[in-house]
Amino acid sequence: MSARDRLTDSLYGLGWGAVKKLPEPVAVRLGRTIADLTWKRRGKGVRRLESNYARVLPDASPERLAELSRAGMRSYLRYWMESFRLPAWSADRVREGLTVKDLHHLTDGIAAGRGVVLALPHMANWDLAGAWVTTELRIPFTTVAERLKPETLYDRFVAYREGLGMEVLPHSGGTAFGTLARRLRDGGLVCLVAERDLSSSGVEVQFFGEATRIPAGPALLAQQTGALLLPVTLWYDDSTVMRGRIHPPIEVPESGTRAEKTSVMAQALADAFASGIADHPEDWHMLQRLWLADLEPRPADGERP
């Protein structure tokens, strides 16, 4: 393991070990302070966040985008402060941490034994949403995690999420899809963060008027297992409670090839994500390149995604 990897792993370990012991108001202030300092430094992640927000709000002034990126960093650090502290939260604190609009789409699907795929973008705190599902609804679920470097950091994330009641599968390795399909055929729940393609083999969609790719997995799972595909969007307000909405099911088209059906469903999923992001852009934590135009190598700096 390189020195940089050891440092990264140590910092995350410090976060989970120390931040979770802080009183909640202290953690909130710490997160906001770190967010503001990071925003003022104008590093690569902040500039990319602002650039992505410019796609969401193409008519926004530079001043508005700067204001939005500052709010976005505060939201992002709120996510981290909450996530570091989640293992120490009581069951009541988890239950009180989220309210969900149109929850019946999920509960009715599970009650029918059909299997449900919840697909969501990187908004607000998806880990808290998962903990709420296992704690408040008492519904276990399976998810997929990107393999991070160093491997010890990936192990930390898996242990953290499993501690919140999730079954976590590695994104790589080729066996995740089959396991997810089996869980769904058994009437279970699968939750996938799904607006950024990590495989380079996703489905091209229009997202805020420009082309990008999103994972094909949610649509393919719904087609192959008969599970409901439900988009979810999350956001914060000024309270300590996160808000969420479960959007109406995305139906499998009655005709067309598998690829054609997947394309239609992926676009519907992207549209649902876009509606939630447009309403609460500051809670969309996309600090990476997303649109195809940004993923192309640029001769000026030779940087690759």
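- No donor-acceptor pair under 3.5 Å is formed between the side chain of S263 and the backbone N or O of A259.
- The residues E254 and K261 are annotated as not salt-bridged, no charged nitrogen and carboxylate oxygen being separated by less than 4.0 angstrom.
- Between T233 and R245, the side chains place no donor N or O within less than 3.5 Å of an acceptor N or O (distance only, hydrogens not considered).
- In this structure a side-chain-to-backbone donor-acceptor pair under 3.5 Å is present from T212 to L290.
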Original post:
Please walk me through it: do R243 and L98 pass side-chain contact (heavy atoms from CB on, under 4.5 Å)?
Top reply: CA-CA 6 Å; R243 313 294 174 177; L98 173 65; 5.7 Å; no

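- Taking 4.0 Å as the cut-off between side-chain N and carboxylate O, R95 and D92 count as a salt-bridged pair.
- Side-chain contact of Y79 with D283: a donor-acceptor pair under 3.5 Å is absent, judged by distance alone.
- The closest donor-acceptor contact from the side chain of T134 to the backbone of L164 lies under 3.5 Å.
- To the nearest 0.5 angstrom, R78 atom CZ is 5.0 Å from E82 atom CD.
- Proximity of R41 to V46: side-chain heavy atoms (C-beta onward) are nowhere separated by under 4.5 Å.
- Note on V241: it does not cluster hydrophobically with L234, by side-chain heavy-atom contacts below 4.5 Å among ILVMFWY residues.
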Original post:
Please walk me through it: do L77 and R32 pass side-chain contact (heavy atoms from CB on, under 4.5 Å)?
Top reply: CA-CA 7 Å; L77 264 294; R32 179 161 291 201; over 6 Å; no

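- For the residue pair T262/Q223, the side-chain donor-acceptor check at 3.5 Å is satisfied.
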Original post:
Are E167 and R161 close enough, and set up right, to give a salt bridge (Lys or Arg N to Asp or Glu O under 4.0 Å), and what steps lead you there?
Top reply: CA-CA 8 Å; E167 179 187 20; R161 287 175 173 144; over 6 Å; no

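- A distance-only check finds no donor-acceptor pair linking the side chain of E195 to the backbone of I214 [under 3.5 Å].
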Subject >> Derivation and outcome, side-chain contact (heavy atoms from CB on, under 4.5 Å), residues L106 and L118 >> reply: CA-CA 8 Å; L106 169 59; L118 293 181; 4.2 Å; yes

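- The CG atom of L120 sits 11.5 Å away from the CG atom of L230 when rounded to the nearest 0.5 Å.
- To the nearest 0.5 angstrom, L180 atom CG is 10.0 Å from T225 atom OG1.
- Y53 and M123 fall within the same hydrophobic cluster, where Ile, Leu, Val, Met, Phe, Trp and Tyr residues are linked whenever their side-chain heavy atoms come under 4.5 Å apart, directly or through other members.
- In this structure, a donor-acceptor pair under 3.5 Å is present between the side chains of S239 and D237.
- Side-chain contact between V19 and R85 is present, with heavy atoms from C-beta onward closer than 4.5 Å.
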**OP:** Kindly determine whether W132 and V100 satisfy side-chain contact (heavy atoms from CB on, under 4.5 Å), including the steps that lead there.
**Re:** CA-CA 10 Å; W132 186 86; V100 181; 3.9 Å; yes

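- A side-chain N or O of R182 and one of T179 form a donor-acceptor pair less than 3.5 Å apart.
- Nearest approach of S75 to H285, heavy atoms of both residues: OG-NE2, 2.8 Å.
- Residues R258 and Q224 meet the side-chain proximity criterion, which asks for heavy atoms closer than 4.5 Å.
- Nearest heavy atom pair, residue V116 against residue L184, reads O-CD2, 3.3 Å.
- For the atom pair CG (L221) and CZ (R185), the distance works out to 9.0 Å, reported to the nearest 0.5 Å.
- You'll find the side chain of T240 stays beyond 4.5 Å of the side chain of E96, heavy atoms only.
- In this structure a side-chain-to-backbone donor-acceptor pair under 3.5 Å is present from E260 to T257.
- Here the shortest heavy-atom pairing between I277 and P121 reads CD1-CB, 4.4 Å.
- Residue H104 holds its NE2 atom at 4.5 Å from CG of D102, rounded to the nearest 0.5 Å.
- By the criterion of side-chain heavy atoms lying less than 4.5 angstrom apart, applied directly or through intervening Ile, Leu, Val, Met, Phe, Trp or Tyr residues, L49 is grouped together with L57 in one hydrophobic cluster.
- Taking the six-membered ring where the residue is Trp, F207 and W284 present perpendicular rings, their angle passing 60° and hence far from 30°.
- If you chain together hydrophobic residues whose side chains sit under 4.5 Å apart, L269 and W235 never meet in one group.
- Considering all non-hydrogen atoms of both residues, A268 and I250 come closest at C-CD1, 3.7 Å.
- Shown here are the ring pair (Phe, Tyr, Trp, His ring centres under 6.0 Å) partners of H122, two or more places apart in sequence or in another chain: W126.
- With rounding to the nearest 0.5 angstrom, the CE atom of M73 is 13.0 Å from the NZ atom of K40.
- Across all their heavy atoms, R55 and F208 have their closest contact at O-CB, 3.7 Å.
- The cluster map of Ile, Leu, Val, Met, Phe, Trp and Tyr, joined by side-chain heavy atoms under 4.5 Å apart, puts V28 and M242 in different clusters.
- Salt bridge R70/E282: absent, no basic N to carboxylate O contact under 4.0 Å.
- Between D294 and the options R48, R47, R289, a salt bridge (Lys or Arg N to Asp or Glu O under 4.0 Å) holds for only R48.
- Pairing each heavy atom of A145 with each of V168, the nearest pair is CB-CG1, 3.6 Å.
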